[in-house]
Amino acid sequence: MVIDETTKDIVIRIFNLYLQGKSYQTIANILNEGKVLEPKKWDDSTIEKILNNKIYVGDYERFKRVAKEQGKDPVIYPNVVEPIITRAMFEDIQMQKEKNQRAYCRDRVYIFMQKMKCPKCGKIMGSKGTGGKKKKYMYYHCSDCKIYLREDLIEEQVMPMIMDLIEYDMTVKKYFYPVLADKKEKNTDKLDKEINTLKNQKSRIKEAYLKEIVDVEEFSKEYKAIDEKLELLEQKRIETIDLNKQSFSPQHLMADRDVEKEKLIRSNKFYDMLMAEWKSKDKEEKQEFISKFLESITVEKDSKGNYKLVNLKLRKTFINQIYKLMQNGMFDMTIADEKDKEVRTTVMMDKQELQEYIDRLNEYYEVSYYEVARLDEPKKGYQKKYLTIDETNDNGEKLFKLVELISDDKQFPQKKANRIVGAIRVKEREKVS
(Lines give C-alpha, C1' and ligand atoms only; values in the text may rest on other atoms or scores of the structure.)
Protein backbone atom coordinates (compact mmCIF):
# COMPACT_ATOMS: atom_id res chain seq x y z
CA MET A 1 0.00 0.00 0.00
CA VAL A 2 1.37 3.41 -0.96
CA ILE A 3 1.54 5.88 1.92
CA ASP A 4 0.05 9.21 0.86
CA GLU A 5 2.32 11.90 2.22
CA THR A 6 2.86 15.44 1.01
CA THR A 7 6.33 16.76 0.24
CA LYS A 8 6.20 18.83 3.42
CA ASP A 9 5.35 15.78 5.54
CA ILE A 10 8.13 13.74 3.93
CA VAL A 11 10.76 16.43 4.53
CA ILE A 12 9.73 16.90 8.16
CA ARG A 13 9.78 13.12 8.65
CA ILE A 14 13.30 12.86 7.18
CA PHE A 15 14.61 15.63 9.43
CA ASN A 16 13.00 14.05 12.50
CA LEU A 17 14.39 10.59 11.68
CA TYR A 18 17.89 12.02 11.37
CA LEU A 19 17.59 13.83 14.71
CA GLN A 20 16.59 10.47 16.23
CA GLY A 21 20.02 9.15 15.23
CA LYS A 22 19.10 7.36 11.98
CA SER A 23 21.76 7.27 9.24
CA TYR A 24 21.16 8.41 5.64
CA GLN A 25 20.88 4.81 4.46
CA THR A 26 18.56 3.78 7.31
CA ILE A 27 16.19 6.65 6.50
CA ALA A 28 16.23 5.66 2.81
CA ASN A 29 15.42 2.06 3.79
CA ILE A 30 12.48 3.21 5.94
CA LEU A 31 11.03 5.26 3.08
CA ASN A 32 11.50 2.42 0.59
CA GLU A 33 9.92 -0.11 2.94
CA GLY A 34 6.98 2.27 3.43
CA LYS A 35 6.69 2.70 -0.35
CA VAL A 36 6.86 6.48 0.04
CA LEU A 37 6.42 8.12 -3.40
CA GLU A 38 6.67 4.73 -5.08
CA PRO A 39 8.05 3.94 -7.67
CA LYS A 40 10.74 6.37 -6.48
CA LYS A 41 13.76 4.59 -4.95
CA TRP A 42 15.35 6.40 -2.04
CA ASP A 43 19.10 6.22 -1.41
CA ASP A 44 21.55 7.74 1.05
CA SER A 45 22.73 10.49 -1.32
CA THR A 46 19.14 11.75 -1.79
CA ILE A 47 18.62 11.91 1.98
CA GLU A 48 21.90 13.80 2.41
CA LYS A 49 20.91 16.37 -0.25
CA ILE A 50 17.57 17.02 1.47
CA LEU A 51 19.25 17.52 4.87
CA ASN A 52 21.74 19.96 3.29
CA ASN A 53 19.21 21.96 1.30
CA LYS A 54 18.48 25.40 2.77
CA ILE A 55 15.38 25.77 0.60
CA TYR A 56 13.47 23.97 3.36
CA VAL A 57 14.11 26.91 5.71
CA GLY A 58 13.07 29.35 2.94
CA ASP A 59 16.53 30.28 1.59
CA TYR A 60 17.67 29.87 -2.00
CA GLU A 61 21.33 29.03 -2.73
CA ARG A 62 22.58 30.14 -6.14
CA PHE A 63 25.71 28.78 -7.89
CA LYS A 64 26.04 26.12 -5.20
CA ARG A 65 27.81 23.53 -7.38
CA VAL A 66 30.19 26.04 -8.98
CA ALA A 67 31.02 27.58 -5.61
CA LYS A 68 31.84 24.13 -4.18
CA GLU A 69 34.17 23.37 -7.09
CA GLN A 70 35.96 26.71 -6.58
CA GLY A 71 36.08 26.38 -2.80
CA LYS A 72 33.83 29.41 -2.28
CA ASP A 73 30.51 30.03 -0.51
CA PRO A 74 27.36 30.09 -2.68
CA VAL A 75 25.18 33.20 -3.03
CA ILE A 76 22.25 32.90 -0.59
CA TYR A 77 18.90 34.69 -1.01
CA PRO A 78 17.07 34.46 2.35
CA ASN A 79 13.33 34.01 2.88
CA VAL A 80 12.53 33.39 -0.78
CA VAL A 81 9.89 30.70 -0.18
CA GLU A 82 7.75 29.59 2.72
CA PRO A 83 9.84 27.45 5.11
CA ILE A 84 8.94 23.82 5.81
CA ILE A 85 11.12 23.50 8.93
CA THR A 86 12.37 26.05 11.42
CA ARG A 87 15.90 27.47 11.33
CA ALA A 88 16.47 26.05 14.81
CA MET A 89 15.68 22.55 13.53
CA PHE A 90 18.00 23.03 10.53
CA GLU A 91 20.84 24.12 12.84
CA ASP A 92 20.18 21.11 15.08
CA ILE A 93 20.56 18.90 12.00
CA GLN A 94 23.92 20.50 11.09
CA MET A 95 25.19 19.99 14.65
CA GLN A 96 24.02 16.36 14.56
CA LYS A 97 25.77 15.84 11.23
CA GLU A 98 29.03 17.13 12.70
CA LYS A 99 28.73 14.75 15.66
CA ASN A 100 27.95 11.84 13.36
CA GLN A 101 30.86 12.72 11.11
CA ARG A 102 33.28 12.69 14.05
CA ALA A 103 31.91 9.32 15.16
CA TYR A 104 32.20 8.05 11.58
CA CYS A 105 35.83 9.16 11.36
CA ARG A 106 36.67 7.42 14.62
CA ASP A 107 35.04 4.26 13.31
CA ARG A 108 36.94 4.50 10.01
CA VAL A 109 40.46 4.56 11.42
CA TYR A 110 42.74 2.21 9.48
CA ILE A 111 45.62 0.68 11.44
CA PHE A 112 47.95 0.41 8.41
CA MET A 113 46.84 3.66 6.75
CA GLN A 114 49.32 4.80 4.05
CA LYS A 115 51.61 1.88 4.99
CA MET A 116 50.13 -1.02 3.03
CA LYS A 117 51.72 -1.59 -0.39
CA CYS A 118 50.08 -3.54 -3.19
CA PRO A 119 51.88 -6.90 -3.49
CA LYS A 120 51.56 -6.73 -7.29
CA CYS A 121 52.35 -3.15 -8.39
CA GLY A 122 53.93 -1.75 -5.20
CA LYS A 123 51.66 1.30 -4.93
CA ILE A 124 50.23 2.45 -1.59
CA MET A 125 46.82 0.83 -1.21
CA GLY A 126 43.66 2.81 -0.53
CA SER A 127 41.34 2.19 2.42
CA LYS A 128 37.64 1.46 2.55
CA GLY A 129 35.12 -0.19 4.84
CA THR A 130 31.86 -2.08 4.60
CA GLY A 131 28.66 -1.15 6.36
CA GLY A 132 25.23 -2.65 6.79
CA LYS A 133 23.77 -4.85 9.49
CA LYS A 134 26.48 -7.48 9.25
CA LYS A 135 29.91 -7.24 10.84
CA LYS A 136 31.91 -4.33 9.44
CA TYR A 137 35.26 -5.05 7.81
CA MET A 138 38.04 -2.64 6.90
CA TYR A 139 39.83 -3.21 3.60
CA TYR A 140 42.94 -2.06 1.78
CA HIS A 141 42.54 -2.06 -1.98
CA CYS A 142 44.50 -1.39 -5.14
CA SER A 143 42.15 -0.02 -7.80
CA ASP A 144 44.68 -0.81 -10.56
CA CYS A 145 45.28 -4.47 -9.62
CA LYS A 146 41.79 -5.12 -8.19
CA ILE A 147 43.28 -6.52 -4.98
CA TYR A 148 41.42 -6.32 -1.66
CA LEU A 149 42.98 -7.25 1.69
CA ARG A 150 41.01 -7.40 4.94
CA GLU A 151 42.52 -5.46 7.82
CA ASP A 152 41.68 -7.94 10.58
CA LEU A 153 43.36 -10.77 8.63
CA ILE A 154 46.43 -8.61 7.97
CA GLU A 155 46.65 -7.78 11.67
CA GLU A 156 46.37 -11.47 12.56
CA GLN A 157 49.16 -12.41 10.12
CA VAL A 158 51.64 -9.74 11.28
CA MET A 159 50.93 -10.17 15.00
CA PRO A 160 54.37 -11.72 15.76
CA MET A 161 56.00 -8.63 14.27
CA ILE A 162 53.68 -6.37 16.28
CA MET A 163 54.53 -8.28 19.47
CA ASP A 164 58.26 -7.68 18.84
CA LEU A 165 57.65 -3.96 18.36
CA ILE A 166 55.55 -3.76 21.54
CA GLU A 167 58.26 -5.53 23.53
CA TYR A 168 60.86 -3.12 22.17
CA ASP A 169 58.69 -0.08 22.90
CA MET A 170 57.89 -1.17 26.45
CA THR A 171 61.54 -1.99 27.12
CA VAL A 172 62.79 1.35 25.90
CA LYS A 173 60.19 3.31 27.85
CA LYS A 174 60.75 1.44 31.09
CA TYR A 175 64.50 0.86 31.15
CA PHE A 176 66.31 3.23 28.80
CA TYR A 177 64.65 6.45 27.73
CA PRO A 178 63.02 7.44 31.03
CA VAL A 179 66.54 7.60 32.48
CA LEU A 180 68.00 9.27 29.39
CA ALA A 181 65.28 11.89 29.30
CA ASP A 182 66.47 13.28 32.64
CA LYS A 183 70.07 13.54 31.45
CA LYS A 184 69.86 15.00 27.96
CA GLU A 185 72.81 17.13 26.89
CA LYS A 186 70.49 19.57 25.09
CA ASN A 187 67.04 21.00 25.67
CA THR A 188 64.49 19.50 23.27
CA ASP A 189 61.49 21.71 24.13
CA LYS A 190 61.62 23.49 20.75
CA LEU A 191 61.89 20.19 18.89
CA ASP A 192 59.01 18.74 20.93
CA LYS A 193 56.85 21.74 20.02
CA GLU A 194 57.62 21.38 16.29
CA ILE A 195 56.89 17.65 16.45
CA ASN A 196 53.52 18.26 18.14
CA THR A 197 52.63 20.92 15.53
CA LEU A 198 53.33 18.48 12.70
CA LYS A 199 51.36 15.72 14.42
CA ASN A 200 48.37 18.09 14.65
CA GLN A 201 48.73 18.90 10.94
CA LYS A 202 48.83 15.19 10.23
CA SER A 203 45.61 14.64 12.18
CA ARG A 204 43.87 17.49 10.32
CA ILE A 205 44.77 16.25 6.83
CA LYS A 206 43.70 12.73 7.84
CA GLU A 207 40.34 14.04 9.03
CA ALA A 208 39.91 16.03 5.80
CA TYR A 209 40.57 12.86 3.79
CA LEU A 210 38.05 10.84 5.81
CA LYS A 211 35.46 13.58 5.30
CA GLU A 212 36.29 13.50 1.56
CA ILE A 213 37.33 17.17 1.59
CA VAL A 214 40.57 16.20 -0.17
CA ASP A 215 41.07 13.39 -2.68
CA VAL A 216 43.39 10.42 -2.14
CA GLU A 217 46.19 11.80 -4.34
CA GLU A 218 46.31 15.13 -2.53
CA PHE A 219 46.07 13.36 0.83
CA SER A 220 48.88 10.91 0.05
CA LYS A 221 51.22 13.68 -1.09
CA GLU A 222 50.65 15.94 1.94
CA TYR A 223 50.56 13.04 4.43
CA LYS A 224 53.92 11.76 3.16
CA ALA A 225 55.47 15.24 3.26
CA ILE A 226 54.42 15.67 6.91
CA ASP A 227 55.72 12.18 7.72
CA GLU A 228 59.12 13.03 6.23
CA LYS A 229 59.36 16.26 8.26
CA LEU A 230 58.34 14.35 11.40
CA GLU A 231 60.99 11.73 10.80
CA LEU A 232 63.67 14.42 10.41
CA LEU A 233 62.65 16.17 13.65
CA GLU A 234 62.42 12.91 15.59
CA GLN A 235 65.89 11.98 14.35
CA LYS A 236 67.23 15.34 15.60
CA ARG A 237 65.63 14.63 18.96
CA ILE A 238 67.30 11.22 19.18
CA GLU A 239 70.66 12.80 18.34
CA THR A 240 70.41 15.03 21.42
CA ILE A 241 70.79 11.92 23.56
CA ASP A 242 74.42 10.91 23.95
CA LEU A 243 74.48 7.54 25.67
CA ASN A 244 78.26 7.61 26.02
CA LYS A 245 78.09 10.67 28.31
CA GLN A 246 75.64 9.18 30.80
CA SER A 247 76.69 8.10 34.26
CA PHE A 248 74.52 4.96 34.52
CA SER A 249 75.39 1.46 33.31
CA PRO A 250 73.36 0.28 30.29
CA GLN A 251 74.38 -3.30 31.09
CA HIS A 252 72.88 -3.07 34.59
CA LEU A 253 69.60 -1.85 33.13
CA MET A 254 69.66 -4.58 30.50
CA ALA A 255 70.30 -7.27 33.11
CA ASP A 256 67.36 -6.02 35.19
CA ARG A 257 65.16 -6.07 32.11
CA ASP A 258 66.26 -9.59 31.15
CA VAL A 259 65.56 -10.92 34.63
CA GLU A 260 62.06 -9.44 34.60
CA LYS A 261 61.42 -10.93 31.15
CA GLU A 262 62.70 -14.32 32.29
CA LYS A 263 60.29 -14.32 35.23
CA LEU A 264 57.37 -13.56 32.90
CA ILE A 265 58.44 -16.29 30.48
CA ARG A 266 58.73 -18.86 33.26
CA SER A 267 55.27 -17.94 34.53
CA ASN A 268 53.84 -18.13 30.97
CA LYS A 269 52.68 -14.51 31.22
CA PHE A 270 55.04 -12.83 28.77
CA TYR A 271 52.99 -13.21 25.59
CA ASP A 272 49.76 -12.42 27.46
CA MET A 273 51.31 -9.18 28.71
CA LEU A 274 52.29 -8.08 25.18
CA MET A 275 48.89 -9.02 23.76
CA ALA A 276 47.10 -7.14 26.55
CA GLU A 277 49.17 -4.05 25.75
CA TRP A 278 48.11 -4.20 22.09
CA LYS A 279 44.44 -4.87 22.85
CA SER A 280 44.34 -1.97 25.30
CA LYS A 281 45.01 0.48 22.44
CA ASP A 282 42.15 1.96 20.46
CA LYS A 283 42.41 2.05 16.67
CA GLU A 284 43.94 5.53 16.55
CA GLU A 285 46.62 4.46 19.03
CA LYS A 286 47.31 1.31 17.00
CA GLN A 287 47.63 3.41 13.86
CA GLU A 288 50.08 5.81 15.52
CA PHE A 289 52.07 2.86 16.90
CA ILE A 290 52.44 1.25 13.47
CA SER A 291 53.33 4.60 11.90
CA LYS A 292 56.02 5.12 14.52
CA PHE A 293 57.99 2.06 13.43
CA LEU A 294 57.05 1.10 9.85
CA GLU A 295 57.64 2.92 6.57
CA SER A 296 55.69 0.35 4.56
CA ILE A 297 54.39 -3.21 4.70
CA THR A 298 53.46 -5.71 1.99
CA VAL A 299 51.09 -8.64 2.52
CA GLU A 300 49.88 -10.99 -0.19
CA LYS A 301 46.89 -13.34 -0.38
CA ASP A 302 47.10 -16.72 -2.10
CA SER A 303 44.39 -18.51 -4.07
CA LYS A 304 43.07 -20.12 -0.87
CA GLY A 305 42.69 -16.76 0.87
CA ASN A 306 45.69 -17.22 3.16
CA TYR A 307 47.64 -14.06 4.05
CA LYS A 308 51.43 -13.87 4.14
CA LEU A 309 53.80 -11.07 5.16
CA VAL A 310 56.25 -10.71 2.26
CA ASN A 311 58.06 -7.47 3.02
CA LEU A 312 58.29 -4.62 5.48
CA LYS A 313 60.39 -1.48 5.56
CA LEU A 314 61.31 0.07 8.91
CA ARG A 315 61.36 3.81 9.41
CA LYS A 316 64.78 5.40 9.36
CA THR A 317 64.33 6.90 12.83
CA PHE A 318 63.63 3.43 14.25
CA ILE A 319 66.68 1.96 12.52
CA ASN A 320 68.86 4.75 13.90
CA GLN A 321 67.49 4.09 17.38
CA ILE A 322 68.39 0.42 17.10
CA TYR A 323 71.86 1.25 15.82
CA LYS A 324 72.51 3.61 18.73
CA LEU A 325 71.42 0.92 21.20
CA MET A 326 73.53 -1.69 19.41
CA GLN A 327 76.62 0.51 19.69
CA ASN A 328 76.15 0.49 23.44
CA GLY A 329 75.49 -3.24 23.81
CA MET A 330 71.83 -2.60 24.65
CA PHE A 331 69.98 -4.24 21.79
CA ASP A 332 68.70 -7.83 21.55
CA MET A 333 67.52 -9.87 18.62
CA THR A 334 66.28 -13.44 18.39
CA ILE A 335 67.65 -16.21 16.20
CA ALA A 336 66.18 -19.67 15.69
CA ASP A 337 67.80 -23.10 15.83
CA GLU A 338 66.99 -25.99 13.50
CA LYS A 339 63.86 -26.77 15.51
CA ASP A 340 62.65 -23.15 15.23
CA LYS A 341 63.33 -22.58 18.91
CA GLU A 342 64.16 -18.93 19.45
CA VAL A 343 67.36 -17.94 21.24
CA ARG A 344 67.84 -14.40 22.52
CA THR A 345 71.06 -12.73 21.35
CA THR A 346 72.76 -9.47 22.26
CA VAL A 347 74.91 -8.05 19.48
CA MET A 348 77.98 -5.81 19.60
CA MET A 349 78.95 -6.21 23.24
CA ASP A 350 82.61 -5.81 24.22
CA LYS A 351 84.42 -7.65 27.03
CA GLN A 352 83.98 -4.90 29.61
CA GLU A 353 80.25 -4.62 28.91
CA LEU A 354 79.92 -8.40 29.08
CA GLN A 355 81.58 -8.44 32.50
CA GLU A 356 79.31 -5.65 33.78
CA TYR A 357 76.27 -7.52 32.50
CA ILE A 358 77.35 -10.82 34.11
CA ASP A 359 78.18 -9.08 37.42
CA ARG A 360 74.69 -7.62 37.57
CA LEU A 361 73.08 -10.91 36.53
CA ASN A 362 74.99 -12.66 39.32
CA GLU A 363 72.87 -10.73 41.80
CA TYR A 364 69.88 -12.81 40.66
CA TYR A 365 71.30 -16.14 39.42
CA GLU A 366 74.38 -18.30 39.40
CA VAL A 367 75.87 -17.35 36.05
CA SER A 368 78.29 -19.19 33.71
CA TYR A 369 79.76 -18.06 30.40
CA TYR A 370 80.91 -20.37 27.59
CA GLU A 371 82.58 -19.49 24.31
CA VAL A 372 80.78 -21.50 21.64
CA ALA A 373 82.08 -20.17 18.30
CA ARG A 374 84.84 -18.00 16.86
CA LEU A 375 83.97 -16.38 13.59
CA ASP A 376 87.62 -15.69 12.79
CA GLU A 377 88.08 -19.37 11.92
CA PRO A 378 87.40 -19.29 8.17
CA LYS A 379 86.91 -23.04 7.83
CA LYS A 380 84.28 -23.21 10.56
CA GLY A 381 82.50 -19.87 10.43
CA TYR A 382 79.09 -20.12 12.05
CA GLN A 383 78.83 -23.47 13.83
CA LYS A 384 75.31 -24.88 13.93
CA LYS A 385 75.99 -26.57 17.23
CA TYR A 386 75.89 -23.31 19.15
CA LEU A 387 72.31 -22.86 17.99
CA THR A 388 71.27 -26.34 19.10
CA ILE A 389 72.73 -26.36 22.59
CA ASP A 390 70.44 -28.19 24.99
CA GLU A 391 68.37 -25.64 26.88
CA THR A 392 69.41 -27.10 30.23
CA ASN A 393 72.80 -28.85 30.56
CA ASP A 394 73.99 -31.53 33.00
CA ASN A 395 74.79 -28.87 35.60
CA GLY A 396 71.20 -27.66 35.65
CA GLU A 397 72.11 -24.46 33.82
CA LYS A 398 69.54 -22.97 31.46
CA LEU A 399 70.62 -21.19 28.29
CA PHE A 400 69.82 -17.55 29.12
CA LYS A 401 71.09 -15.79 26.03
CA LEU A 402 73.82 -15.65 23.40
CA VAL A 403 76.18 -12.71 22.99
CA GLU A 404 78.22 -11.66 19.99
CA LEU A 405 81.43 -10.34 21.46
CA ILE A 406 83.53 -7.82 19.55
CA SER A 407 87.06 -6.56 20.06
CA ASP A 408 87.28 -3.33 18.04
CA ASP A 409 85.15 -0.28 17.23
CA LYS A 410 81.40 -0.88 17.32
CA GLN A 411 80.60 -0.54 13.67
CA PHE A 412 77.80 -2.51 12.08
CA PRO A 413 78.08 -4.90 10.35
CA GLN A 414 81.09 -6.38 12.07
CA LYS A 415 83.85 -8.27 10.31
CA LYS A 416 83.88 -12.00 11.04
CA ALA A 417 87.43 -11.76 12.36
CA ASN A 418 86.26 -9.52 15.19
CA ARG A 419 83.36 -11.59 16.50
CA ILE A 420 83.10 -14.30 19.11
CA VAL A 421 79.82 -16.01 20.01
CA GLY A 422 79.33 -16.86 23.66
CA ALA A 423 76.52 -18.45 25.67
CA ILE A 424 75.38 -17.17 29.06
CA ARG A 425 73.77 -19.83 31.23
CA VAL A 426 72.02 -19.38 34.56
CA LYS A 427 70.56 -21.50 37.31
CA GLU A 428 68.57 -20.63 40.39
CA ARG A 429 70.56 -20.03 43.54
CA GLU A 430 70.17 -22.77 46.12
CA LYS A 431 68.03 -21.65 49.02
CA VAL A 432 69.83 -21.48 52.34
CA SER A 433 67.89 -23.43 54.96
Side-chain angles (χ1 to χ4, degrees), residues 23 96-117 124-131 135-141 149-170 172-174 177 192-216 218-231 233-234 237 273-297 299 309 312-315 317-318 321:
S23 68
Q96 185 65 40
K97 281 168 56 183
E98 184 64 29
K99 290 179 182 178
N100 291 351
Q101 184 63 60
R102 286 199 295 269
Y104 172 84
C105 290
R106 284 194 298 272
D107 188 46
R108 308 296 267 202
V109 174
Y110 298 88
I111 299 174
F112 306 101
M113 189 174 192
Q114 288 293 293
K115 301 296 179 183
M116 189 63 56
K117 281 192 172 183
I124 292 293
M125 303 179 79
S127 311
K128 68 179 300 182
T130 59
K135 182 178 180 180
K136 293 182 179 181
Y137 291 108
M138 317 296 271
Y139 286 89
Y140 298 88
H141 69 98
L149 299 174
R150 240 171 68 182
E151 183 177 86
D152 59 323
L153 298 180
I154 295 171
E155 184 180 354
E156 180 181 308
Q157 177 60 36
V158 302
M159 192 55 67
M161 176 268 292
I162 291 174
M163 294 296 97
D164 288 341
L165 293 177
I166 288 177
E167 180 189 353
Y168 170 84
D169 196 50
M170 293 175 71
V172 166
K173 286 177 180 177
K174 184 169 183 178
Y177 281 3
D192 292 341
K193 187 175 180 180
E194 290 183 65
I195 288 172
N196 287 333
T197 299
L198 281 176
K199 285 183 176 179
N200 289 334
Q201 289 180 17
K202 191 175 176 182
S203 296
R204 285 196 294 272
I205 185 65
K206 184 171 66 177
E207 185 176 354
Y209 169 66
L210 291 171
K211 289 183 177 181
E212 299 183 353
I213 297 173
V214 297
D215 60 28
V216 65
E218 183 182 355
F219 165 73
S220 298
K221 184 177 180 181
E222 189 165 349
Y223 198 85
K224 184 177 181 181
I226 294 174
D227 246 1
E228 288 174 352
K229 291 178 183 178
L230 262 176
E231 186 171 345
L233 288 176
E234 288 170 349
R237 194 180 190 285
M273 178 195 69
L274 297 180
M275 184 58 75
E277 178 69 16
W278 179 247
K279 288 184 176 180
S280 69
K281 299 178 185 294
D282 60 30
K283 292 204 72 175
E284 288 187 349
E285 290 170 333
K286 288 181 178 181
Q287 183 194 78
E288 288 298 321
F289 183 86
I290 293 296
S291 180
K292 177 180 176 180
F293 294 106
L294 299 186
E295 181 69 29
S296 64
I297 180 171
V299 172
L309 174 64
L312 65 86
K313 184 178 179 182
L314 302 175
R315 290 191 65 177
T317 48
F318 179 39
Q321 250 186 3

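All heavy atoms count here, side chains included; hydrogens, waters and symmetry mates do not. Everything quoted here is computed from the prediction, not taken from an experiment.
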pair Val158-Phe112: side-chain heavy atoms closer than 4.5 Å = yes

Between the NZ atom in Lys281 and the CD atom in Glu288, the distance rounded to the nearest 0.5 Å is 10.5 Å

Output the distance between atom CD (Gln287) and atom NZ (Lys115), rounded to the nearest 0.5 Å.
-> 9.5 Å

Can you list the residues that meet the salt bridge (charged side-chain N to carboxylate O under 4.0 Å, His left out) rule with Lys313, with sequence neighbours excluded?
-> none

Those residues that, when tested against Leu314, pass side chain to side chain contact (heavy atoms under 4.5 Å, CB included) (two or more places apart) | Leu294, Leu312, Phe318, Ile319

Side chain to side chain contact (heavy atoms under 4.5 Å, CB included) filter on Thr197, not counting sequence neighbours, yields Gln201

How far apart are the closest heavy atoms of Lys286 and Trp278, and which atoms are they?
-> CE-O, 3.3 Å

Which residues share a salt bridge (charged side-chain N to carboxylate O under 4.0 Å, His left out) with Lys117, sequence neighbours left out = none

Does some side-chain heavy atom of Leu274 sit less than 4.5 Å from a side-chain heavy atom of Asp164?
-> no

Report the distance from atom CD1 of Ile166 to atom CZ of Phe289, rounding to the nearest 0.5 Å.
-> 5.0 Å

Heavy-atom distance under 4.5 Å between the side chains of Asp169 and Glu277, does that happen here?
-> no

What distance do Met161 atom CE and Phe293 atom CZ have between them, rounded to the nearest 0.5 Å?
-> 10.5 Å

Glu285 side chain vs Asp282 backbone, donor-acceptor pair below 3.5 Å = yes

To the nearest 0.5 Å, tell me how far Ser296 OG sits from Gln114 CD.
-> 11.5 Å

For Glu151, the salt bridge (charged side-chain N to carboxylate O under 4.0 Å, His left out) test, sequence neighbours excluded, returns Lys283

Hey, what do you get for CE (Met125) to CG (Leu149), rounding to the nearest 0.5 Å?
-> 4.0 Å

Excluding sequence neighbours, so at least two apart, what forms salt bridge (charged side-chain N to carboxylate O under 4.0 Å, His left out) with Glu194?
-> none

